[in-house]
Amino acid sequence: MTLPTGQISLSQVNTELDISPSSTTINMGATAVRTLADAPSGAIAMSDLQGKSNAQFIQATGGTIATQGNFKVHTFNSSGTFTVQGVGNDAGSNTVEYLVLAGGGSGGPGYGGGGGAGGYRTNFPSPSSGGLPVSAQGYPVTVGAGASGLGNNPFGPYSAQGPDGSNSVFSSITSTGGGGVGPSSVGPGRTGGSGGGGGVSGNNPTGGGSGNNPPVSPPQGNNGGTSHGPPGGGGGGGGGANQAGGNAIPIPSPNPQAGDGGNGSPNSITGSDVTYGGGGGGGFFPNDSKAGSGGSGGTKGGSAAGGSGKVVIRYQFQS
């Protein structure tokens with residue numbers, strides 16, 4: 001904070017100098033007080049401290065850096081290191097906000113399920129209790145890749161397992177890769193940050209994989225949807241950051257369709273309102289036009305590859 005330009009108290013000065021408790025007797029000749037007053041010598045009066053600030057701010061490098069007013073935003077689209085060179089203090093900044101998105105899972109071919117979105121974790125905007133504390137050191141940043149697709153063969157490879165996305169990591173925050181389709185391309189969805197949708201398997205609906213696995217609070221994702229079929233049929237939608245994957249509508253219905261992917265979550269940590277972590281839509285056989293739509297931030301159904309992860313870090317660097 002900045003001290004008032006009018007009358008100030010000793011407790012306010014202590015707070016500005018990070019001295020606890022605030023009732024501590026102040027030595028007006030102490031180096032910290034002189035630095036705050038910008039008075040290297042001579043007597044110091046309380047009026048010399050009016051309007052002064054002891055704010056110190058985080059200084060850091062890494063990723064692609066953009067400035068938003070008094071904040072800096074570091075965006076990592078690939079793995080790297082976030083290096084904190086100066087940690088700041090309570091009067092300035094010593095915590096960061098983050099968005100950590102893992103890679104999405106793969107959808108299955110034909111009437112396979114949609115890939116689950118990569119786990120989505122964020123503290124933006126930071127709660128009143130503050131952001132994530134950092135210290136002066138290098139923080140390895142891992143950006144998880146999206147899983148590769150399985151190809152467009154509508155009948156297989158049934159033995160193939162739609163791979164999961166890869167984890168993204170920053171500091172103590174790990175977001176889990178999205179669940180793919182498996183154990184075969186027409187089997188149950190796999191678990192992950194968000195679960196993969198179920199693929200058509202015989203005459204029985206096949207369930208989607210569970211999301212938020214392993215569990216964190218708040219949840220990093222949602223469950224995948226259930227498939228339906230045959231003859232023909234559709235896969236369940238992959239779970240998204242903000243919504244579970246949709247269930248397929250069975251073919252006796254006037255409007256059969258594969259399950260839609262679950263919606264992602266909007267976030268403006270980069271300065272633009274972007275939706276992250278949408279689930280993939282399920283595939284539909286034999287009519288690809290009835291494939292499920294991707295959730296906001298996700299992709300249309302079929303054997304689409306999972307989207308890549310991302311890590312964004314934001315902090316105040318000046319007042």
Side-chain angles (χ1 to χ4, degrees), residues 1-76 81-100 121-139 141 170-173 218 265-274 311-319:
M1 69 175 193
T2 300
L3 289 170
T5 56
Q7 183 175 350
I8 58 175
S9 66
L10 292 177
S11 64
Q12 288 175 311
V13 176
N14 276 331
T15 299
E16 187 66 25
L17 292 173
D18 295 329
I19 296 173
S20 182
S22 61
S23 59
T24 302
T25 300
I26 295 176
N27 175 1
M28 296 296 282
T31 300
V33 177
R34 289 193 174 279
T35 300
L36 182 62
D38 194 22
S41 61
I44 298 176
M46 291 295 287
S47 59
D48 295 326
L49 299 171
Q50 293 172 344
K52 298 298 177 66
S53 173
N54 185 45
Q56 299 172 32
F57 299 92
I58 292 173
Q59 301 172 34
T61 60
T64 300
I65 304 173
T67 300
Q68 298 174 10
N70 294 330
F71 291 83
K72 285 192 175 179
V73 179
H74 296 239
T75 299
F76 292 83
T81 303
F82 178 71
T83 302
V84 179
Q85 299 163 321
V87 73
N89 61 11
D90 286 342
S93 65
N94 52 18
T95 65
V96 300
E97 296 165 314
Y98 60 81
L99 181 155
V100 180
R121 301 185 66 185
T122 185
N123 69 345
F124 175 84
S126 289
S128 57
S129 59
L132 179 71
V134 293
S135 58
Q137 62 173 314
Y139 290 88
V141 173
F170 164 61
S171 184
S172 60
I173 306 301
S265 290
N267 194 301
S268 57
I269 190 171
T270 62
S272 299
D273 196 12
V274 177
V311 172
V312 183
I313 304 164
R314 179 181 186 266
Y315 58 88
Q316 188 174 357
F317 77 99
Q318 66 181 16
S319 59

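The backbone N or O of Gly42 sits less than 3.5 Å from a side-chain atom of Arg34, completing a donor-acceptor pair. Of the possible polar contacts, one joining the Ser93 side chain to the Ile58 backbone as a donor-acceptor pair under 3.5 Å is found.
Note that CD1 of Ile173 and CG of Leu99 are 11.5 Å apart. Values are rounded to the nearest 0.5 Å. Atom CD of Gln316 sits about 9.5 Å away from atom OG1 of Thr95, to the nearest 0.5 Å.
Scored by the side-chain hydrogen bond (donor to acceptor under 3.5 Å, both in side chains) test, Glu97 finds Ser126, Arg314 as partners (sequence neighbours excluded). Shown here are the side-chain hydrogen bond (donor to acceptor under 3.5 Å, both in side chains) partners of Thr5, two or more places apart in sequence or in another chain: there are none. With sequence neighbours excluded, the residues that form a side-chain hydrogen bond (donor to acceptor under 3.5 Å, both in side chains) with Gln137 are Ser135, Tyr139. Partners of Tyr315 according to the ring pair (Phe, Tyr, Trp, His ring centres under 6.0 Å) rule, which considers only residues two or more places apart in sequence or in another chain, are His74. Scored by the side-chain hydrogen bond (donor to acceptor under 3.5 Å, both in side chains) test, Ser11 finds Ser9 as partners (sequence neighbours excluded).
In plain terms, the two heavy atoms of Leu132 and Asn123 that are nearest each other are N-ND2, 3.6 Å. Of all heavy-atom pairs spanning Gly62 and Phe76, the tightest one is C-CZ, 3.5 Å.
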For residues 63-71, dump all side-chain donor-acceptor pairs below 3.5 Å to protein atoms at least two apart in sequence or in another chain.
from	atom 1	to	atom 2	distance (Å)
Gln68	NE2	Thr270	O	2.5
Asn70	OD1	Gln318	NE2	3.2

